[in-house]
*Asks:* 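Questions regarding the structure given below will be posed in turn.
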Amino acid sequence: MERGLLWLPLLVMFFWLAWQGSKEYQKVEAYRVWAEQFERAKYDIYAVLGQKDNNITWGKPTPQGPIKLETFSLLDIKQIQVLVNDKSVDVNNPPEKGRSIELEFLFSESTNSVRVPFTEIPLAAEWGKFLQGVLQELRSEIQQFPND
């Protein structure tokens, strides 16, 4: 009987881990369905992010699908920067470690910003580079064809 009592915590932990894995799988599947509408999308445990044309949509992943979704246009963005530990970093030379990793979008018309959390610095840096390039292309198109 004592052996059974010794194994009981391990059995409980096994079922808890299986349940957690099932929840994460449901989140990923809900994200996959949600992400089909975007040209480019990312998933991690903190946030989902999707880009289609000039619009960025982000929210929090759940097993039922992303919640607290916010959408904004890159046309309203003044600057995009990668923050590690609340400090802006160079996307071409990011640090190797950091606790808080975010992609920050600063709006042109207000002092507000949107911060999208990431789990990995390289992933945040790649998204930062890509979206900065898209933003520069939009600005050059606007300068080329201002009345369109």
*Asks:* Got a donor-acceptor contact below 3.5 angstrom from the Tyr25 side chain to the Pro63 backbone?
*Replies:*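 No.
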
*Asks:* Measuring from atom CZ of Arg139 to atom CD of Gln136, what distance do you get when rounded to the nearest 0.5 angstrom?
*Replies:*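 Here the interatomic distance stands at 7.5 Å.
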
*Asks:* Side-chain heavy atoms under 4.5 angstrom apart, residues restricted to Ile, Leu, Val, Met, Phe, Trp, Tyr: same cluster for Val84 and Leu49?
*Replies:*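 Yes.
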
*Asks:* Lys42 side chain to Ala47 main-chain N or O, any donor-acceptor pair under 3.5 Å?
*Replies:*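 At least one qualifying donor-acceptor pair exists.
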
*Asks:* Quick one: pull up CG in Leu8 and CE in Met13 and give me the separation to the nearest 0.5 Å.
*Replies:*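 Separation between the atoms: 12.0 Å.
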
*Asks:* Consider only side-chain heavy atoms of I, L, V, M, F, W and Y, link residues closer than 4.5 Å, and tell whether Ile80 and Phe118 are in one cluster.
*Replies:*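 Yes: a chain of side-chain contacts under 4.5 Å links Ile80 to Phe118.
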
*Asks:* Decide if atom CD of Glu109 counts as having more than 12 heavy atoms of other residues, nucleotides or ligands within a radius under 6.0 Å.
*Replies:*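 No, because the 6.0 Å sphere around CD of Glu109 holds 12 heavy atoms or fewer from other groups.
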
*Asks:* Are there over 12 heavy-atom neighbours, none belonging to Glu96, within less than 6.0 Å of that residue's CD?
*Replies:*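 No, CD of Glu96 has 12 or fewer neighbouring heavy atoms, counting only those of other groups under 6.0 Å.
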
*Asks:* Please say yes or no: joined through hydrophobic side-chain contacts below 4.5 Å, possibly via intermediate residues, are Val89 and Ile101 part of one cluster?
*Replies:*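 Yes, it is one cluster - the side chains of Val89 and Ile101 are joined through contacts under 4.5 Å.
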
*Asks:* Would you name the heavy atoms of Pro66 and Leu69 that are closest together and state the gap between them?
*Replies:*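 Minimum heavy-atom contact is CB-CD2, 3.7 Å.
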
*Asks:* May I ask you to test the Trp58-Leu103 pair for a side-chain heavy-atom distance under 4.5 Å?
*Replies:*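 Result no, sub-4.5 Å side-chain heavy-atom pair not found.
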
*Asks:* What closest approach, in Å, do Leu135 and Lys78 show between heavy atoms, and which atom pair accounts for it?
*Replies:*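 That would be CD2-O, 4.2 Å.
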
*Asks:* How far does CG of Leu17 sit from CG of Leu10, to the nearest 0.5 angstrom?
*Replies:*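 So the CG of Leu17 and the CG of Leu10 are separated by 10.5 Å.
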
*Asks:* Angle between ring planes, Phe72 versus Phe107, binned at 30° and 60°: parallel, tilted or perpendicular?
*Replies:*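 Rings of Phe72 and Phe107: perpendicular, as their planes differ by over 60°.
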
*Asks:* With a 4.5 Å limit on heavy-atom distance, are the side chains of Glu70 and Ile56 in contact?
*Replies:*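 SC-SC contact between Glu70 and Ile56 ruled out.
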
*Asks:* Quick check: do Ser108 and Asp76 have side-chain heavy atoms less than 4.5 Å from each other?
*Replies:*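 Heavy-atom side-chain distance check fails, nothing below 4.5 Å.
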
*Asks:* Atom CD in Gln79, atom OG in Ser88: separation rounded to 0.5 Å?
*Replies:*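 Output value for this atom pair is 6.5 Å.
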
*Asks:* Does any N or O in the side chain of Gln51 come within less than 3.5 Å of the main-chain N or O of Asp53, such that one atom is a donor and the other an acceptor?
*Replies:*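 Checking the backbone N and O of Asp53 against the side chain of Gln51, a donor-acceptor pair under 3.5 Å is found.
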
*Asks:* Is any side-chain N of the basic residue among Glu104 and Arg115 closer than 4.0 Å to the acidic one's carboxylate O?
*Replies:*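 Between Arg115 and Glu104 there is a salt bridge, with a charged N closer than 4.0 Å to a carboxylate O.
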
*Asks:* So which heavy atom on Tyr43 is nearest to which on Pro61, and how close?
*Replies:*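 Heavy-atom minimum between the residues: CE1-CB, 3.5 Å.
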
*Asks:* Please report the closest heavy-atom contact between Phe105 and Leu74, naming both atoms and the distance.
*Replies:*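 Nearest heavy atoms, Phe105 then Leu74: CE2-CD2, 4.5 Å.
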
*Asks:* Do Trp127 and Val134 sit in the same hydrophobic cluster, where Ile, Leu, Val, Met, Phe, Trp and Tyr count as joined when their side-chain heavy atoms come under 4.5 Å apart?
*Replies:*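 Hydrophobic grouping puts Trp127 with Val134.
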
*Asks:* For Ala124 versus Val82, what's the shortest heavy-atom pair and its separation?
*Replies:*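 Result for this residue pair: O-CG2, 3.6 Å.
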
*Asks:* Answer yes or no: are there more than 12 heavy-atom neighbours, outside Phe130 itself, under 6.0 Å from its atom CZ?
*Replies:*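 For Phe130, atom CZ is crowded (more than 12 foreign heavy atoms under 6.0 Å).
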
*Asks:* If I take atom CG from residue Asp44 and atom CG from residue Leu123, how far apart are they, to the nearest 0.5 angstrom?
*Replies:*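 Reported value, rounded in 0.5 Å steps: 6.5 Å.
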
*Asks:* Calculate, to the nearest 0.5 Å, the distance between atoms OG1 and NZ belonging to Thr57 and Lys52 respectively.
*Replies:*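 One finds 10.0 Å between OG1 of Thr57 and NZ of Lys52.
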
*Asks:* Is there a path from Leu131 to Val114 through hydrophobic residues (I, L, V, M, F, W, Y) whose side chains come within less than 4.5 Å of each other?
*Replies:*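 Same cluster: Leu131 reaches Val114 through Ile, Leu, Val, Met, Phe, Trp or Tyr contacts under 4.5 Å.
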
